[in-house]
Amino acid sequence: MTTSRARTSADAVTRLRVSAAGAVLRKVAGPDPTAARAAVHQAPGPRWFPPDSAIARVHGDASMFVGGIRALLLQSLHPRAMAAVAAHSGYRGDPWGRLQRTATYLAQTTFGPVEQAEQAVAVVRSVHRRVVGVSEEGEPYAASDPDLLAWVHLAEVDSFLLAHQRYGRRPLDDAGCGAYVAQTAQVGERLGAQDLPRTVVELHTALGAYRPQLRGTRPAREAAEFLHHETPLPAVARPFFEALWGAAVALLPVWARPELGLPVLRRPEGVAARAGGLAMTHAIRWALDAADPGGPPGEEHRGGPTA
């Protein structure tokens with residue numbers, strides 16, 4: 001009897017995990033996440049990066065949920081980059097679609113076969129060529145501008161790495177952090193950015209060089225408000241999103257928060273945000289561990305886009 005109850009309880013937990021994993025993956029990968037993941041992970045052919053690489057470790061971890069929010073907030077502080085997003089991305093009308101396109105691009109360039117990764121880069125470059133305009137402040141922008149591409153890349157890499165080191169299942173050592181910066185630079189330069197950093201020190205130096213250009217414009221503050229309060233979520237999911245949001249905001253530079261109309265967290269609030277981030281990334285990881293993405297069917301891997 002006891003064994004039967006234990007088995008029933010274990011089955012219920014397994015069903016809960018599979019259900020939770022499906023709910024998360026449908027938001028990130030679309031209505032058929034199993035097929036979407038198989039199309040990347042199980043497609044034949046050599047890869048840019050081996051499965052044990054630093055970039056695969058970071059981009060395959062639940063900490064990306066925190067890093068992604070932080071990246072969006074940080075990127076919005078570049079007025080010309082934010083102007084392009086506000087005018088062309090359609091984030092208000094289709095926020096989940098935008099997330100799914102970004103997640104698919106990251107998956108294809110990190111885990112997909114070379115041909116798939118190259119096609120993903122080509123598609124994004126084609127889209128960027130059509131994104132041109134003038135900001136509210138009269139500054140012209142073009143999404144293909146290497147300077148803007150570099151900013152978006154730097155903000156993403158810094159955010160993903162910082163979130164992984166804080167909330168990842170297996171944080172990287174110093175060599176791994178450097179490898180992650182170097183590997184992501186190979187992809188970023190394929191996209192059109194130039195002379196991207198290859199080390200953590202170079203990454204921080206490059207970010208600092210952008211500081212005089214960064215400020216909280218009206219579109220940036222509106223984007224932060226939308227992301228926090230208007231992202232379409234069922235009521236039951238809102239507290240979980242709040243935990244991810246708090247963890248992401250806590251990882252922003254102190255100067256960035258008031259620029260976006262966000263509170264400057266005091267120590268007790270920062271501790272609570274970190275605890276919430278740890279709890280949520282553990283919960284997401286627990287759910288997603290039930291959804292095995294599979295792996296490439298044994299072909300030899302390449303050592304990056306420049307190989």
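Here the side chain of Ser126 pairs no donor or acceptor atom with the backbone of Ala122 at under 3.5 angstrom. At distances below 3.5 Å, at least one donor-acceptor pair connects side-chain atoms of Thr184 with backbone N or O atoms of Val181. Panel note: side chain Arg47, backbone Gly45; a donor-acceptor pair is recorded below 3.5 Å. Side-chain atoms of Arg169 never come within 3.5 Å of backbone atoms of Ala62 as a donor-acceptor pair (strictly under, hydrogens ignored). Put simply, the side chain of Arg57 gets close to the backbone of Pro171: a donor and an acceptor are under 3.5 Å apart. Here the side chain of Glu189 pairs a donor or acceptor atom with the backbone of Leu196 at under 3.5 angstrom. A distance-only check finds a donor-acceptor pair linking the side chain of Gln116 to the backbone of Ala39 [under 3.5 Å]. Judged by distance alone, with hydrogens and angles left aside, the side-chain atoms of Gln165 form a donor-acceptor pair with the main-chain N or O of Leu172 at under 3.5 Å. Listed for the Thr110 side chain is no donor-acceptor partner under 3.5 Å among the backbone atoms of Ala107.
For the residue pair Val264 and Arg257, the shortest heavy atom distance occurs at CA-CD, 4.3 Å. Minimum interatomic distance between Ile55 and Gln183 (heavy atoms only, all atoms of both residues): N-OE1, 2.9 Å. Listed here is the closest heavy atom pair of Thr109 and Ala120: CG2-CB, 4.3 Å. Here the shortest heavy-atom pairing between Leu74 and Trp151 reads O-CZ2, 3.2 Å. Minimum heavy-atom separation, Arg285 to Tyr167: NH2-O, 2.9 Å. Between Ala220 and Ser76 the shortest heavy-atom distance is CB-O, 3.3 Å.
Put simply, Val132 and Met82 are part of two different groups of oily side chains (I, L, V, M, F, W, Y) that touch within less than 4.5 Å, one to the next. A continuous path of ILVMFWY side-chain contacts below 4.5 Å connects Leu260 to Trp245, so both sit in one hydrophobic cluster. Linking ILVMFWY side-chain heavy atoms closer than 4.5 Å, directly or via other members, places Leu73 and Leu148 in two distinct hydrophobic clusters. In the hydrophobic cluster analysis, where Ile, Leu, Val, Met, Phe, Trp and Tyr join through side-chain heavy atoms closer than 4.5 angstrom, Val131 is grouped apart from Leu72.
Figure legend: cation-pi geometry between Arg211 and Trp255, with NZ or CZ positioned under 6.0 Å from the six-membered ring centre and within 45° of its axis.
Counting heavy-atom neighbours within 6.0 Å of Asp52 CG, excluding the residue itself, gives a total above 12. Within 6.0 Å of CZ on Phe240 lie no more than 12 heavy atoms contributed by other residues, nucleotides or ligands.
You'll find the side chain of Val66 stays beyond 4.5 Å of the side chain of Arg166, heavy atoms only. Residues Arg98 and Val85 are in side-chain contact: their nearest non-hydrogen atoms beyond the backbone lie under 4.5 Å apart.
Between Asp61 and Arg170 there is no salt bridge, since no side-chain nitrogen of the basic residue lies less than 4.0 Å from a carboxylate oxygen of the acidic one. A salt bridge does not link Glu137 to Arg80: none of the charged side-chain nitrogens sits closer than 4.0 Å to a carboxylate oxygen.
A side-chain contact (heavy atoms from CB on, under 4.5 Å) with His78 holds for exactly one of Thr217, Asp147, Val152; it is Asp147.
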